[in-house]
Amino acid sequence: MSNLIEVSHVSKSYGGVIANSDISLEVPAGRVTGLIGPNGSGKTTLFNSIVGYHPIDEGSIKFEGVEISDMLVPEIARRGLLRTFQQTRIYSKMDCVKNMLISLPHHAETYASMFKPHTPESTEKAERLLEFVGLYSKRNLISGDLSFGQQKLLEFAMALMNEPKVLLLDEPTAGINPTLINGLIDRLRRATTELGITLFVIEHNMPVVMNLADNVYCMANGKMLAHGTPDEIQNDERVIAAYLGGPLETEDH
């Protein structure tokens, strides 16, 4: 099985604060990889570095075997590597279909392009993906009137409009009504099995990660703590200690 993302010995500091220290991991194609860890463990910093928001200090980040650590966000995105955020980034005064159409790759390049006419094929694709995430009946509603969970589903659908090879999801279930979480998990799985999209997911909801991911990494204090299957991770004493505040021993790299 090939690895789409390969992170090797990556370190990142902000002033005197070490956010990531000697981080290595792999994201295999066609699978769901989870990333867990207590608040402040450096997970979001790592995501930001992978997609080009923050240049790394040391190490290597490869996507499909190509070094991307020196590339800008748009170039990385054009290669098929995208991310979502903990707080939704939608156009709250536009309806759902318009949000979808604006997120098309060629419409994201300039502000003026947002007002270009869209083809029937693009509109059909937008509506098909809104149906995929369960928002077809809301397609003509103003997105700002959706619930927070529905806005997250819309942002997920907007990312799918770009047909990413890998999608990094930062806390996809945070703030979502618990009754909607199982439906979201099902759609994330289907994105991998039906659309062929590889997922790399930061998630604090442990049952979600253990139910969704094929393999899981755990970070703590900016370092990689453990890696294994969901069963291995939830029974790892180092992971348990990290969440309960006990002593930590990190992996050797």
Visitor: To check you understand the geometry: which heavy-atom pair defines the closest contact between Pro28 and Asn215, and what is its length?
Guide: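 Nearest pair, atom of Pro28 first, then Asn215: CG-ND2, 4.0 Å.
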Visitor: Please report the C-alpha distance between Glu232 and Asn235 in whole Å, then the side-chain angles of each, then the deciding distance to 0.1 Å, and finally whether the side chain to side chain donor-acceptor pair (under 3.5 Å) criterion is met.
Guide: CA-CA 5 Å; Glu232 290 170 340; Asn235 292 298; over 6 Å; no
Visitor: CD/Glu127 to SG/Cys96 distance, rounded to the nearest 0.5 angstrom?
Guide: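 Output value for this atom pair is 11.0 Å.
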Visitor: Going by side-chain hydrogen bond (donor to acceptor under 3.5 Å, both in side chains), name the pairs with one or both residues in residues 128-137, residues two or more places apart or in two chains.
Guide: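 Applying side-chain hydrogen bond (donor to acceptor under 3.5 Å, both in side chains) to every pair that reaches into residues 128-137, excluding sequence neighbours, yields nothing.
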Visitor: Are side-chain heavy atoms of Leu35 and Val201 found at a separation under 4.5 Å?
Guide: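 They are not in side-chain contact.
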Visitor: For Lys43 and Tyr217, what are the C-alpha separation, side-chain angles and deciding distance, and is it a side chain to side chain contact (heavy atoms under 4.5 Å, CB included)?
Guide: CA-CA 10 Å; Lys43 305 182 300 296; Tyr217 288 90; over 6 Å; no
Visitor: Verify side chain to side chain contact (heavy atoms under 4.5 Å, CB included) between Ile90 and Met158, making sure each step is shown before the conclusion.
Guide: CA-CA 9 Å; Ile90 61 174; Met158 290 166 66; 3.9 Å; yes
Visitor: Is the shortest side-chain heavy-atom distance between Thr33 and Leu199 below 4.5 Å?
Guide: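 Thr33 does not reach Leu199 side chain to side chain.
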Visitor: Evaluate the criterion side chain to side chain contact (heavy atoms under 4.5 Å, CB included) for residue pair Leu81 and Ile50; output intermediate values, then yes/no.
Guide: CA-CA 9 Å; Leu81 180 55; Ile50 290 173; 3.8 Å; yes
Visitor: Does a salt bridge link Asp95 with Lys98, judged by any charged N lying under 4.0 Å from a carboxylate O?
Guide: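 A salt bridge is present here (some side-chain N lies under 4.0 Å from a carboxylate O).
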Visitor: If the condition is salt bridge (charged side-chain N to carboxylate O under 4.0 Å, His left out), which residues does Arg187 pass it with, not counting sequence neighbours?
Guide: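 For Arg187 there are no salt bridge (charged side-chain N to carboxylate O under 4.0 Å, His left out) partners, ignoring immediate neighbours.
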Visitor: So, does Arg238 use its side chain to make a donor-acceptor pair with the main chain of Leu225 at under 3.5 Å?
Guide: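 Indeed, once roles are kept as given, a pair shorter than 3.5 Å links the two residues.
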Visitor: What salt bridge (Lys or Arg N to Asp or Glu O under 4.0 Å) pairs are there with at least one residue in residues 52-61, not counting sequence neighbours?
Guide: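 Salt bridge (Lys or Arg N to Asp or Glu O under 4.0 Å) check on residues 52-61 returns no pairs.
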Visitor: Got Asn182 and Asp186 here, is their nearest side-chain heavy-atom distance under 4.5 Å?
Guide: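 No, too far: nothing below the 4.5 Å cut-off.
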Visitor: What pair of heavy atoms forms the shortest contact from Pro207 to Asn205, and how long is it?
Guide: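 That closest heavy-atom pairing would be CD-OD1, 2.9 Å.
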Visitor: If you measure from NZ on Lys165 to CD1 on Ile5, what distance do you get to the nearest 0.5 Å?
Guide: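 If I round to the nearest 0.5 Å, the distance is 12.0 Å.
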Visitor: Hey, do the aromatic rings of Phe200 and Phe47 have their centres closer than 6.0 Å?
Guide: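 Distance test on ring centres: under 6.0 Å, yes.
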Visitor: Does the side chain of Leu168 reach to within under 4.5 Å of the side chain of Leu82, using non-hydrogen atoms?
Guide: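 No, side chains not in contact.
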Visitor: Any chance you could lay out the side chain to side chain contact (heavy atoms under 4.5 Å, CB included) test for Leu130 and Leu154, step after step, and finish with the verdict?
Guide: CA-CA 7 Å; Leu130 286 171; Leu154 174 60; 3.8 Å; yes
Visitor: So, taking the atom named OG in Ser24 and the one named NZ in Lys223, what distance separates them when rounded to the nearest 0.5 Å?
Guide: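 Reported value, rounded in 0.5 Å steps: 13.0 Å.
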Visitor: Decide whether a cation-pi geometry holds between Lys12 and Tyr14; the criteria are a distance under 6.0 Å from NZ or CZ to the six-membered ring centre and an angle within 45° of the ring axis.
Guide: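 Yes, Lys12 sits over the ring of Tyr14.
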Visitor: Is the backbone N or O of Gly37 less than 3.5 Å from a side-chain atom of Tyr243, with the two atoms forming a donor-acceptor pair by type?
Guide: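 Checking the backbone N and O of Gly37 against the side chain of Tyr243, a donor-acceptor pair under 3.5 Å is found.
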Visitor: Could you report the tightest heavy-atom contact between Ser103 and Asn162, atom names first, then the distance?
Guide: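 Looks like O-ND2, 3.1 Å.
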Visitor: From Leu46 CG over to Met219 CE, what is the distance, rounded to the nearest 0.5 angstrom?
Guide: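 Rounded to the nearest 0.5 Å, the CG-CE separation comes out at 5.5 Å.
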Visitor: Look at the side chain of Asn20 and the backbone N and O of Ile23, then say whether any donor-acceptor pair between them is shorter than 3.5 Å.
Guide: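 No; judged by distance alone, with no hydrogens or angles, the pair does not exist.
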Visitor: Kindly work out whether a path of hydrophobic side-chain contacts (I/L/V/M/F/W/Y, heavy atoms less than 4.5 Å apart) joins Ile18 to Val7.
Guide: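 Shared cluster, no.
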Visitor: Hey, are the side chains of Asn39 and His204 touching, using non-hydrogen atoms and a 4.5 Å cut-off?
Guide: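 Asn39 vs His204: side chains touch.
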Visitor: Any carboxylate oxygen within less than 4.0 angstrom of a Lys/Arg side-chain nitrogen, looking at Arg83 and Asp170?
Guide: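 Looking at Asp170 together with Arg83, the answer is yes, because their closest N to O distance falls below 4.0 Å.
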Visitor: Apply salt bridge (charged side-chain N to carboxylate O under 4.0 Å, His left out) to the pair Lys125 and Glu163, showing each step before the final yes or no.
Guide: CA-CA 11 Å; Lys125 179 181 179 181; Glu163 300 179 2; 2.9 Å; yes
Visitor: Is the shortest heavy-atom distance from the side chain of Phe156 to the side chain of Leu167 under 4.5 Å?
Guide: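 Yes - at least one pair of side-chain heavy atoms lies under 4.5 Å apart.
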Visitor: Between Asn177 and Thr179, is the side chain to side chain donor-acceptor pair (under 3.5 Å) condition met? List the steps.
Guide: CA-CA 5 Å; Asn177 188 313; Thr179 60; 2.8 Å; yes
Visitor: Just so I know, are the side chains of Ile202 and Leu169 near enough to count as touching, which here means a heavy-atom distance under 4.5 Å?
Guide: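 No - every pair of side-chain heavy atoms lies 4.5 Å or more apart.
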Visitor: For residues 65-75, dump all side-chain donor-acceptor pairs below 3.5 Å to protein atoms at least two apart in sequence or in another chain.
Guide:
residue: Glu67; atom: OE1; partner: Ser60; partner atom: OG; Å: 2.5
residue: Glu67; atom: OE2; partner: Ile61; partner atom: N; Å: 3.0
residue: Glu67; atom: OE2; partner: Ser69; partner atom: OG; Å: 2.5

Visitor: Considering all heavy atoms of both residues, which atom of Pro230 and which atom of Ala213 are nearest to each other, and what is their separation?
Guide: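 Closest pair (atom of Pro230, atom of Ala213, distance): CG-O, 3.3 Å.
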Visitor: Report, one line per pair, each donor and acceptor closer than 3.5 Å where one atom sits in a side chain of residues 140-150; sequence neighbours left out.
Guide:
residue: Ser143; atom: OG; partner: Tyr91; partner atom: O; Å: 2.7
residue: Ser143; atom: OG; partner: Met94; partner atom: O; Å: 3.1
residue: Ser143; atom: OG; partner: Asn99; partner atom: ND2; Å: 3.3
residue: Ser147; atom: OG; partner: Gln150; partner atom: N; Å: 3.1
residue: Ser147; atom: OG; partner: Gln150; partner atom: OE1; Å: 3.4
residue: Gln150; atom: OE1; partner: Ser147; partner atom: N; Å: 3.0

Visitor: For residues Pro38 and Ala242, report the shortest heavy-atom separation together with the two atoms involved.
Guide: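 Heavy atoms only, the tightest pair is CG-O, 3.5 Å.
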Visitor: How far does CG of Asn221 sit from OG of Ser41, to the nearest 0.5 angstrom?
Guide: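 So the CG of Asn221 and the OG of Ser41 are separated by 8.0 Å.
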Visitor: With salt bridge (Lys or Arg N to Asp or Glu O under 4.0 Å) as the rule and sequence neighbours excluded, what pairs involving residues 190-219 come up?
Guide: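 Residue pairs with at least one partner in residues 190-219: Arg31-Asp214, Arg190-Glu194.
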Visitor: Which pair of non-hydrogen atoms, one from Pro164 and one from Ala159, has the smallest distance, and what is that distance?
Guide: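 Of all heavy-atom pairs spanning Pro164 and Ala159, the closest is CD-O, 3.3 Å.
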Visitor: Rounded to the nearest 0.5 Å, how far does CG of Leu4 lie from CD1 of Ile197?
Guide: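 With rounding to 0.5 Å, CD1 (Ile197) is 12.0 Å from CG (Leu4).
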Visitor: Can you find a heavy atom in the side chain of Leu129 that is under 4.5 Å from one in the side chain of Leu135?
Guide: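 In short, these two side chains do not touch, never coming nearer than 4.5 Å.
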